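Below, chains carry the letters A, B, ... as their sequence lines are ordered, and counting in each starts from 1. Not measured: the values here are computed from a predicted model.
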Protein chains: 2
Amino acid sequence: MLDLVKPTNNTPASSRVMNSEGYQKSDRLLLAIDCIIFGFDSESKQLKALLIKRDFEPEKGKWSLMGGFVNKNESVDDAAARILKQLTGLTNIYMEQLYCFGDVNRDTAGRVVSVAYYSLINIANFSNQIQEDHEALWFPLNKIPTLIFDHREMLQKAKERLQQKVANHPIGFELLPNKFTLQQLQYVYEAIYETPLDKRNFTRKILELGILKKLNQKEKESSRKGAFYYVFDKGQYNKLEHEGMKFI
Amino acid sequence: MLDLVKPTNNTPASSRVMNSEGYQKSDRLLLAIDCIIFGFDSESKQLKALLIKRDFEPEKGKWSLMGGFVNKNESVDDAAARILKQLTGLTNIYMEQLYCFGDVNRDTAGRVVSVAYYSLINIANFSNQIQEDHEALWFPLNKIPTLIFDHREMLQKAKERLQQKVANHPIGFELLPNKFTLQQLQYVYEAIYETPLDKRNFTRKILELGILKKLNQKEKESSRKGAFYYVFDKGQYNKLEHEGMKFI
DNA sequence: CCAAAAGTGTTTCTATTACACCCATGT
DNA sequence: ACATGGGTGTAATAGAAACACTTTTGG
């Protein structure tokens, strides 16, 4: 199917400049999505990113972020969600637009502008089957292999954005199962900030926020005494998510 | 000039998904830039945004951000700089990518994805001639008229981003002339944060950063005593700009 | 000499950090 | 009974906020 750029009259009209200076025949571009998918590995207590291995030329055998193209009849956000679903099988995932990468030669195969999104998933929800289908692997952030194009830059920027975001918004939880212990949550924050945190200070501050509900149920695998599970108080969560807040 | 989407072989290749699921024939889109241009009016001590009036249909007579399209052979950043120059005549301006707005129907005249940038300029450097040519006007942020498309949302997001950015990066200065008094600088910060600041605390903190150099020269228009002019210490400025910092 | 803005320190309060012991339980 | 992680409070420090008077000088 061929796609023709219509010469004008239904001028897309963002400003008069395009009329007065001849943008009627503006170039159309391929618009891609690239997804930085973060997961928390509770075994190693590391933050990891999901990468896929290209099995075709060019750049065959190299690692890459999950990507795809924006269709004409879907929003950029929808495209990102669709592409995330392709690799993870997951919907309703925390996802945030990161940045639009627009260098002329960023994609070696032609002019492609890419909008990067990062998302946080609970690594345990991630299907092994889909993982194998896509030759996907989780890499710790300090052991990222060589990536194609500007994907390393995307990943770096995503990491910085995540650190900054987590300081003001309660999204660290997105990396954990529904119910979690305070220790698990602390590990998540330690992994994101790449620094150890004081247990007592952490516990106090996170509980003071009033967004955690303590369950009458204990996790007994990692200690004899057992640690209480917590879940979110969705009401408070939404309120704080909207207003922004000082977190940790 | 007509532009044809090539059917494939030099596949733009962001991931194998596009091959395995038929993205060879991906849609090409118009990619626009919209610029949120902030200026500080030292008369009214207000932060203002520069808007242009559309003088053609559709949406004739409505106010709009300055915009244009990304060309195939220029980076998205370059396109933004080019479009900023068209309205302001200025180059080497502080400019930061804000967000990519990608709703399907955001532009009533067709599918256009827009990457918004915001920039900070010294309002005094802005040529009246260019302003008249483009029917441009400065509006205080609390008196923004109805804007086309999603431009209000862009402006709102830009304001929030600016507030957040200024808290960690020394960019408030971009809104002022080369040399400025501490009072002028304080007014800028008060306008951005929409809150009065304590003069002594402000002065102390800003000077402690060590990025201001005091000149042996006074501004004598707004007081008999006269207030010393300051300029940047570029060295320190760059260092802090790079590292990020706690600002105000 | 007076009006108007410039310049300048100290105290209070709040938030952050550092730090160590007893508890509960499964084996 | 003991090994293991769970759970808890306080004191010290640093940073932020509140606050008012003296200085300069053009008219």
Side-chain angles (χ1 to χ4, degrees), chain A residues 42-45 163 166-168 176-177 179-210 212-231 240 243-248, chain B residues 42-45 163-164 166-168 172 176-177 179-210 212-231 240 243-248:
Chain A
S42 43
E43 297 299 310
S44 65
K45 292 160 191 155
Q163 288 177 343
V166 157
N168 299 295
L176 288 173
K179 52 186 187 182
F180 49 85
T181 67
L182 291 178
Q183 195 197 41
Q184 288 169 336
L185 188 57
Q186 183 177 339
Y187 287 153
V188 166
Y189 278 86
E190 289 178 339
I192 292 173
Y193 286 125
E194 299 177 314
T195 183
L197 299 173
D198 179 88
K199 180 171 59 158
R200 279 176 289 188
N201 293 339
F202 178 83
T203 308
R204 183 190 325 120
K205 283 175 83 173
I206 210 86
L207 291 179
E208 267 172 5
L209 296 174
L212 295 188
K213 204 162 72 187
K214 191 182 197 169
L215 298 186
N216 257 333
Q217 198 188 138
K218 284 189 167 185
E219 188 276 328
K220 306 273 289 178
E221 295 203 355
S222 50
S223 76
R224 319 211 171 221
K225 183 177 179 180
F228 280 106
Y229 278 120
Y230 287 79
V231 293
L240 294 165
E243 291 169 8
M245 58 187 301
K246 186 80 185 295
F247 224 77
I248 303 304
Chain B
S42 43
E43 296 299 310
S44 65
K45 290 159 193 155
Q163 288 177 344
Q164 185 224 307
V166 158
N168 300 295
L176 289 172
K179 53 186 186 182
F180 49 85
T181 66
L182 292 178
Q183 195 197 40
Q184 288 169 337
L185 188 58
Q186 183 178 339
Y187 287 153
V188 167
Y189 279 86
E190 289 178 337
I192 292 173
Y193 286 126
E194 299 176 313
T195 184
L197 299 173
D198 180 87
K199 180 171 60 158
R200 279 175 289 189
N201 291 339
F202 178 84
T203 307
R204 184 189 324 117
K205 281 172 85 173
I206 210 83
L207 290 178
E208 267 173 5
L209 296 173
L212 295 188
K213 205 162 71 188
K214 191 183 199 169
L215 298 186
N216 257 335
Q217 196 188 140
K218 284 188 167 187
E219 189 277 327
K220 306 275 288 180
E221 294 202 356
S222 50
S223 76
R224 320 215 171 218
K225 183 176 178 180
F228 281 105
Y229 277 119
Y230 287 80
V231 293
L240 294 167
E243 290 169 9
M245 57 185 302
K246 186 78 183 298
F247 225 76
I248 304 302

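Put simply, OH on B:Y193 is 16 Å from C1' on D:dA17, counting in whole angstrom units. Look at CG on B:L197: it is 13 Å from P on D:dA16, rounded to the nearest Å. In this structure, B:Q186 places its CD atom 14 Å from P of C:dA5, rounding to the nearest Å. Atom CG in B:D198 sits roughly 11 Å away from atom P in D:dA20 (whole-Å rounding). Straight-line distance from the CZ atom of B:F202 to the C1' atom of C:dA6: 15 Å, rounded to whole Å. Atom CD in A:E219 sits roughly 10 Å away from atom C1' in D:dG5 (whole-Å rounding). A straight line from CG of B:N201 to C1' of C:dT10 spans 11 Å, rounded to a whole angstrom. In this structure, the CZ atom of B:R204 is 11 Å from the P atom of D:dA17, given to the nearest Å.
The nearest pair of heavy atoms linking A:F202 to A:L197 is CD1-CD1, 3.9 Å. Nearest heavy-atom pair, B:L207 versus B:Y230, reported as atom, atom and distance to 0.1 Å: CD2-CE2, 3.8 Å. Of all heavy-atom pairs spanning B:F180 and B:Q184, the tightest one is CA-OE1, 3.1 Å.
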Strictly under 4.0 angstrom, non-hydrogen atoms only: write out the protein contact profile of nucleotides 20-27 of chain C, one letter per nucleotide from the 5' end, B, S or -. B--BBBBS
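A:S42 contributes no side-chain N or O that, together with a main-chain N or O of A:K45, makes up a donor-acceptor pair within less than 3.5 Å. Within the 3.5 Å criterion, the main-chain N or O of A:V231 finds no donor-acceptor partner in the side chain of A:K213. With hydrogens and angles ignored, the 3.5 Å screen pairs no side-chain donor or acceptor of B:E219 with any backbone N or O of B:A227.
Counting non-hydrogen atoms of neighbouring residues, nucleotides and ligands closer than 6.0 angstrom, the NZ atom of A:K218 exceeds 12 such neighbours.
Out of C:dA6, C:dG9, D:dA16, the shortest distance to the side chain of B:K246 is found at D:dA16.
Each of A:Y230 and B:K205 was matched to the nucleotide of DNA chain D holding its nearest heavy atom; the match closer to the 5' end belongs to A:Y230.
Remark: A:Q183 is in phosphate contact with D:dG6, judged by side-chain N or O atoms under 4.0 Å from OP1 or OP2.
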